[in-house]
Amino acid sequence: MIEQILTDKITEAVKIIYGHDAVPSLIQLQNTRKEFEGDITLVVFPFTKFSRTSPEATATEIGDYLLANLAEVENYNVIKGFLNISVHKEYWLSFLSGNYHAEKFGFRNLSDGLPIIIEYSSPNTNKPLHLGHIRNNLLGYSLSRILLAAGKNVVKVNLVNDRGIHICKSMLAWQRWGNGETPESSGLKGDHLVGKYYVIFDKQYKEEIAEIVAHGSSPEEAAKKAPLIIEAQQLLQKWEAHDEATISLWKIMNGWVYDGFAKTYQTLGIEFDKTYYESQTYLLGKELVEEGVQKGVYTRRTDGSVWIDLSAEGMDEKLLLRSDGTSVYMTQDLGTATQRYNEYNPEQLIYVVGNEQEYHFKVLKVVLKHLGCAWADSIYHLSYGMVELPEGKMKSREGTVVDADDLMQEMFDTSEAMARELGKIESFDDEEAKNLYRTIGLGALKYFILKVDPKKNMLFNPAESVDFNGNTGPFIQYTYARIKSVLRKAADVGYEVSFSTSSSAQLLPQEKELLKKIHDFPAIVAQAAELHSPAIIANYAFELASEYNRFYHDLTILKEENLSSQAFRLGLSQFTANVIANALWLLGIDVPERM
RNA sequence: GGCCUCGUAGCUCAGUGGAUAGAGCAGCAGCCUUCUAAGCUGCGGGUCAUAGGUUCGAAUCCUAUCGGGGUCACCA
């Protein structure tokens with residue numbers, strides 16, 4: 001890549017002209033702004049410290065050196081402290097001819113380095129997935145692909161929270177008010193059925209509380225002594241005691257939920273390499289805690305509970321084991337993290353979890369370090385912000401959640417209505433049309449969510465998310481489909497997509513802008529992997545598609561003016577299509593061959 | 001209250017040490033005999049929350065203040 005060539009030569013120039021070793025961070029290269037002539041700009045202000053002349057003079061000296069010693073440099077100009085370098089046309093042409101057909105352009109080959117474990121989704125089995133889970137799943141899945149493209153060996157894992165008081169609530173409500181209802185008998189998706197009983201429990205529980213409060217108790221007291229919650233707790237104890245009937249019901253109801261989740265994951269287009277169940281891992285951390293007590297880094301109180309004092313790190317005391325010996329969230333995360341470390345010896349352990357758990361992960365790392373686990377530093381919490389609705393925050397208890405299945409269906413319906421209105425599907429058969437609605441609808445949803453910086457809270461406006469114009473997934477998909485259409489047409493007419501580096505007499509500004517944008521892609525992938533941010537890819541994909549649209553409208557691609565410039569533009573189009581497809585693949589978004 | 005985080009156009013978001021801060025949506029005005037108008041072109045819209053500081057240069061880094069969100073459980 002030209003940036004590396006320039007960096008090396010600039011280092012050399014600084015050494016020779018000023019006798020100074022240039023630190024790489026001093027060499028700031030950036031794309032030249034469109035209003036100036038040139039392709040790549042070197043900011044020379046940092047050099048003036050040792051050049052001891054004006055920025056302009058420094059830039060000129062370096063520019064002269066590059067021009068004389070680097071074949072790729074065609075020309076340069078200096079504006080203030082900016083050295084604008086024009087890269088020779090030959091470089092761009094050979095870059096194009098060498099890569100335009102490369103399916104995997106921008107992706108690195110799998111390295112033999114240590115694996116990266118990425119955990120995402122992590123649902124509870126008492127209710128269906130909602131919009132918050134969608135953001136989680138999309139981020140996790142997209143990041144796994146970005147890391148893969150960056151040459152990492154990635155293992156995608158899901159940790160299903162299948163035990164605890166929440167599922168007991170659904171079980172109890174189903175036993176009491178369910179009348180043997182099943183997904184088959186009700187026609188409800190399994191996760192929705194179980195979710196329905198979770199809601200019923202909550203409603204009945206609230207009524208009981210209200211009644212107890214009416215008899216003179218405080219709300220807190222009432223919440224603790226309501227018969228329903230006591231029964232649910234008893235059910236949990238029976239579960240922990242391996243009571244056969246309880247376990248059996250638990251298996252049946254969780255089975256329904258898994259069937260439901262599998263469908264949602266499939267529709268959303270995400271998957272895992274491995275699924276862990278908390279019911280099988282929740283005891284794992286206890287031994288570690290015991291080990292910590294032995295080592296004296298954790299302390300056991302007289303009631304039997306185990307704590308760690310983190311006041312030295314500026315945090316408070318943290319519970320690691322309950323007085324009754326049962327494990328808490330932290331206990332089990334210590335266990336699963338250690339298990340994964342032992343199993344894979346990973347380079348990095350990534351957790352895609354909401355930002356409300358930032359403190360938890362901070363503590364997790366410190367607690368592991370106290371145990372002597374130096375690898376705790378390899379834990380990375382991909383903390384993402386909440387998804388808010390125009391009405392405010394989503395609250396499952398108040399019914400203001402956006403259900404994942406409903407939302408996707410709505411996207412499909414909208415894309416169908418839109419496609420029909422625009423007359424897009426006249427030549428499509430039913431199967432193809434249906435696939436198109438799904439591709440477009442999902443593309444809109446995924447792009448809408450992934451284009452926002454993960455760490456920020458985001459507003460989900462249903463009306464805007466189904467918009468298919470402007471900075472949206474469908475716009476990018478459309479650009480791809482249109483390029484494919486052009487290429488099909490060209491093949492029909494018999495145009496060749498082959499050219500040599502001397503085939504184009506000149507490189508028009510629109511062509512060059514597009515080529516430069518494509519040229520950036522590998523660096524963008526590397527950056528997204530390093531910063532763990534799919535948003536970088538999403539925003540790049542939009543810029544690339546916009547650039548192509550300008551190119552497409554400014555130039556006539558299939559017009560018999562000059563065969564070699566035809567070939568050039570077709571090659572550029574094909575290259576763009578490949579890169580768009582690759583960028584969208586990183587986001588988990590499919591591309592339609594026509595739309 | 002302590003700690004974390006965010007604040008950029010009417011709205012949703014990019015930009016996170018470099019040149020005159022950018023898109024999309026919404027509004028207005030144009031462009032379909034051509035490969036596809038889910039598109040393109042133009043216009044208007046900004047005290048980058050506020051006040052200091054660091055430097056050749058700050059939306060970006062530091063400090064304080066204001067405002068939103070999160071978190072500080074023998075919940076997960």
Side-chain angles (χ1 to χ4, degrees), chain A residues 28 30 32-33 35-36 41 43-46 48-49 54-55 79-82 84 122 124 161 163-166 278 282 301 303-307 314-316 318-330 332-333 353-360 362-363 383 385-386 388 390 393 415 418-419 421-424 440 444 448 451-453 455-461 463-465 467-479 481-490 492-493 535-536 538-540 542-543 545-546 548-550 552-554 556-559 570 573 594-595:
Chain A
Q28 296 176 40
Q30 55 192 254
T32 303
R33 303 191 66 146
E35 60 265 37
F36 301 107
T41 295
V43 184
V44 299
F45 289 108
T48 57
K49 283 193 183 70
S54 68
I79 297 174
K80 292 194 277 184
F82 299 93
N84 300 325
S122 313
N124 289 349
N161 182 8
R163 54 146 240 125
I165 192 74
H166 54 86
E278 206 184 284
Y282 79 107
R301 290 184 181 172
D303 65 359
S305 58
V306 176
W307 296 76
M315 296 176 256
D316 23 5
K318 197 78 193 170
L319 178 82
L320 298 179
L321 205 62
R322 291 197 190 95
S323 51
D324 62 4
T326 58
S327 57
V328 291
Y329 184 37
M330 187 60 70
Q332 118 193 348
D333 258 9
V353 178
N355 62 10
E356 71 273 12
Q357 291 192 31
E358 269 169 14
Y359 185 66
H360 169 79
K362 202 174 157 194
V363 173
S383 167
M386 295 190 316
E388 286 161 16
K393 285 167 61 177
S415 66
M418 201 71 83
E421 192 183 313
L422 293 171
K424 290 283 183 183
I440 304 297
F448 188 84
K451 75 174 175 181
V452 181
D453 182 351
K455 70 173 186 246
K456 290 188 179 176
N457 286 358
M458 65 173 290
L459 186 81
F460 186 85
N461 188 328
E464 279 175 27
S465 71
D467 196 345
F468 294 166
N469 302 318
N471 187 356
T472 64
F475 166 82
I476 302 167
Q477 291 171 315
Y478 172 72
T479 305
R482 194 167 53 185
I483 295 172
K484 293 305 257 190
S485 174
V486 169
L487 293 173
R488 277 193 300 270
K489 176 78 175 186
D492 286 350
V493 182
I536 290 171
N539 287 297
Y540 169 83
F542 174 67
E543 284 176 24
S546 297
Y548 186 84
N549 274 296
R550 275 191 283 278
Y552 173 91
H553 281 275
D554 282 351
T556 320
I557 298 176
L558 294 180
K559 198 176 143 198
L570 289 171
S573 295
R594 54 194 193 127
M595 70 182 270

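Everything numeric in this text was worked out from a predicted model, so none of it was measured. Throughout, a chain's letter reflects where its sequence line sits, starting with A, and its residues are numbered from 1. Because only heavy atoms are used, hydrogens play no part in the values below, and waters and symmetry mates are left out as well, while side chains stay in.
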Determine whether a donor-acceptor pair (one donor, one acceptor, N or O, separation below 3.5 Å) exists between the side chain of [X] and the base of [N].
X	N	value
A:T41	B:A19	yes
A:S323	B:C74	yes
A:Y552	B:C40	no
A:N539	B:C13	no
A:K456	B:U5	no

**Asked** Has A:Y478 got its ring stacked on B:G39, by the test of a centre gap below 5.5 Å and a plane angle below 30°?
**Response**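 A stacking contact does not exist, since A:Y478 is not both close and nearly parallel to the base ring of B:G39.
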**Request:** Measure the distance between the ring centre of A:F36 and the centre of the six-membered base ring of B:A19, then answer whether it is under 5.5 Å with planes under 30°.
**Result:**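 Check passed, A:F36 stacks on base of B:A19.
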**Syn or anti for B:C48 (syn when the glycosidic angle lies within 90° of 0)** =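 Here B:C48 takes the anti form, which means its glycosidic angle is more than 90° from 0.
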**Message:** Let's test this: given Watson-Crick or G-U wobble pairing with both distances under 3.5 Å, identify the partner of B:U20.
**Reply:**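 Here B:U20 is not engaged in any pair, so there is no nucleotide opposite it.
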**Asked** Using purine N1 to pyrimidine N3 plus N6-O4 or O6-N4 for Watson-Crick, or N1-O2 and O6-N3 for G-U wobble, each under 3.5 Å, what pairs with B:U50?
**Response**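 Base-paired to B:A64.
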Quick one: is [X] getting a side-chain N or O under 4.0 Å of the [N] phosphate, OP1 or OP2?
X	N	result
A:Y329	B:A76	no
A:R482	B:C35	no
A:R322	B:A76	yes
A:K455	B:U5	no

**Prompt:** Mind checking whether A:Y329 and A:H360 have parallel, tilted or perpendicular rings, split at 30° and 60°?
**Reply:**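 Because their plane-to-plane angle is under 30°, the rings of A:Y329 and A:H360 count as parallel.
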**Closest nucleotide among B:C72, B:G70, B:A19 to the A:M386 side chain** =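 Shortest atom-to-atom distance from the side chain points to B:G70.
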**Message:** Output the rounded distance in Å from CD1 (A:I440) to C1' (B:U36).
**Reply:**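 Distance, rounded to whole Å: 13 Å.
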